[in-house]
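Please read the structure below before turning to the comments.
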Protein chains: 2
Amino acid sequence: MKLVSIYECLCDATRLRLLNLLLQGPLCVCHFQAVLGESQVKISKHLSYLRARRLVTSRREGNWMIYALARPAARSPELAANLTCLRKCAQASPPLQRDLAQLKNLSLACTPKGSARTHGPSGIFGRS
Amino acid sequence: MKLVSIYECLCDATRLRLLNLLLQGPLCVCHFQAVLGESQVKISKHLSYLRARRLVTSRREGNWMIYALARPAARSPELAANLTCLRKCAQASPPLQRDLAQLKNLSLACTPKGSARTHGPSGIFGRS
DNA sequence: GAACTATATTCCTTTTAAGGTATATTGAAG
DNA sequence: CTTCAATATACCTTAAAAGGAATATAGTTC
């Protein structure tokens with residue numbers, strides 16, 4: 001992947017927020033929606049964008065789609081370097097830190113519409 | 001400066017090439033034109049873009065404008081980190097390395113239109 | 001299989017960025 | 001003061017990105 005394409009992935013605020021969350025580990029789309037407070041389409045499209053460029057992978061778990069950063073072994077040196085750089089920069093970014101705090105406050109599984117949790121993707125957290 | 005703005009500066013191929021050259025030290029516009037082989041307007045605009053966002057500074061020397069990366073002290077931690085990352089990534093990029101090789105082959109001062117050198121900005125090289 | 005949930009995709013509109021041509025500016029040289 | 005060289009800017013056109021509404025898909029539940 002060309003270097004400029006990596007920067008193209010990083011040059012949008014929504015994608016930065018998504019990647020920042022993914023640096024913590026795999027997440028399902030509903031988590032992104034809850035944390036970012038953006039429309040479903042918008043989030044889905046940016047995730048597709050990142051997936052098309054191999055920065056993230058996705059797998060289905062029931063109705064949920066779980067997104068994760070490309071495995072380290074699948075990262076080009078350029079991508080690896082930039083993700084490391086991003087992780088570092090994110091620590092100094094209040095909005096990105098706020099997103100992480102929000103994420104921690106979420107229930108550990110999808111509980112859409114405030115309903116009592118009955119099911120949800122399992123094993124999302126705890127594997128970075 | 002917001003993180004996303006840094007990535008916006010980096011997400012264009014021409015700007016990447018300009019910054020890559022500037023990592024070697026200050027340069028005048030004619031050098032960029034010679035190395036990139038792009039139109040004067042295009043180069044000038046991208047330099048303006050970078051200057052407006054404080055990634056580079058410019059000073060006049062006679063007819064020439066000398067561009068340089070923002071002094072280290074003027075770099076935000078995010079910018080510093082990303083420039084370091086870019087420097088590293090550039091080493092693995094054949095096109096960017098080719099630009100550097102081209103730069104080395106240039107006369108040390110502006111000698112436009114292949115004419116014998118009579119004058120030109122002095123002291124461009126040798127101070128990174 | 002009908003209804004529902006989560007997510008993706010299509011189609012369209014709006015916004016933004018990029019690039020070109022022509023022109024302006026600035027300093028140098030005569 | 002005129003001319004020239006180097007660079008910047010204005011103005012315009014085109015291309016690309018972003019975002020929304022509506023719809024499609026895939027899996028689940030009953």
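In what follows, every chain begins at residue 1, and chains take the letters A, B, ... in the order their sequences are listed.
Rounded to an integer number of Å, the gap from B/N63 CG to C/dT25 C1' is 11 Å. Taking atom CH2 on A/W64 and atom P on C/dC4, their separation rounds to 17 Å, with Å as the unit. Distance A/I43 CD1 to C/dT7 C1': 11 Å, rounded to the nearest Å. Counting to the nearest Å, the C1' atom of D/dT28 and the CD atom of A/E61 are 14 Å from each other. In this structure, the CG atom of B/L50 is 14 Å from the C1' atom of C/dA18, given to the nearest Å. Whole-Å rounding puts the B/E38 CD to C/dG19 P distance at 7 Å. Atom NE2 in B/H31 sits about 12 Å away from atom P in D/dA6, given to the nearest Å.
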Report each atom pair, protein N/O against N/O of nucleotides 15-18 of chain D, whose distance is under 3.5 angstrom.
from   : atom 1 : to    : atom 2 : distance (Å)
D/dA18 : OP1    : A/D12 : OD2    : 3.4
D/dA18 : OP1    : A/R15 : NH2    : 3.3
D/dA18 : OP2    : A/R15 : NH1    : 3.4

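Distances shown here put a side-chain N or O of B/S39 below 4.0 Å from the OP1 or OP2 atom of C/dG20. In this structure, B/R60 does not reach the C/dA28 phosphate: none of its side-chain N or O atoms is under 4.0 Å from OP1 or OP2. Here B/S44 does not reach the OP1 or OP2 of D/dT7: none of its side-chain N or O atoms lies under 4.0 Å away. Applying the 4.0 Å criterion to OP1 and OP2 of D/dA6, one finds that B/Y67 has every side-chain N and O outside that range.
Side-chain atoms of A/Q40 and base atoms of C/dA6 include no donor and acceptor less than 3.5 Å apart.
Taking the nucleotide of DNA chain D with the nearest heavy atom to each of A/V41 and A/G62, the more 5' of the two is matched to A/V41. In terms of position on DNA chain C, the residue among A/M65 and A/K45 whose nearest nucleotide sits closer to the 5' end is A/M65.
Nucleic acid contact for B/T14: none, since no nucleic acid atom lies under 4.0 Å from a heavy atom of the residue.
Placement of B/M1 and B/V4 within a single hydrophobic cluster is found when ILVMFWY residues are connected by side-chain heavy-atom separations under 4.5 Å, directly or transitively.
Between the side chain of A/Q97 and the backbone N or O of A/A90, at least one donor-acceptor pair lies under 3.5 Å.
Screening residues 77-87 of chain B for side-chain hydrogen bond (donor to acceptor under 3.5 Å, both in side chains) gives B/S76-B/E78 as the qualifying pairs, with residues at least two apart or on separate chains. Pairs passing the side-chain hydrogen bond (donor to acceptor under 3.5 Å, both in side chains) check and including a residue from residues 3-19 of chain A, sequence neighbours excluded, read A/R15-A/H46, A/R17-A/D99.
When side chains are defined from C-beta on, B/L103 counts as touching B/L27, because their heavy atoms get closer than 4.5 Å.
More than 12 heavy atoms of other residues, nucleotides or ligands sit less than 6.0 Å from atom CZ of B/R53.
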(request) May I have the step-by-step check of side chain to side chain contact (heavy atoms under 4.5 Å, CB included) for B/L55 and B/L22, ending in yes or no? (result) CA-CA 10 Å; B/L55 266 72; B/L22 285 171; over 6 Å; no

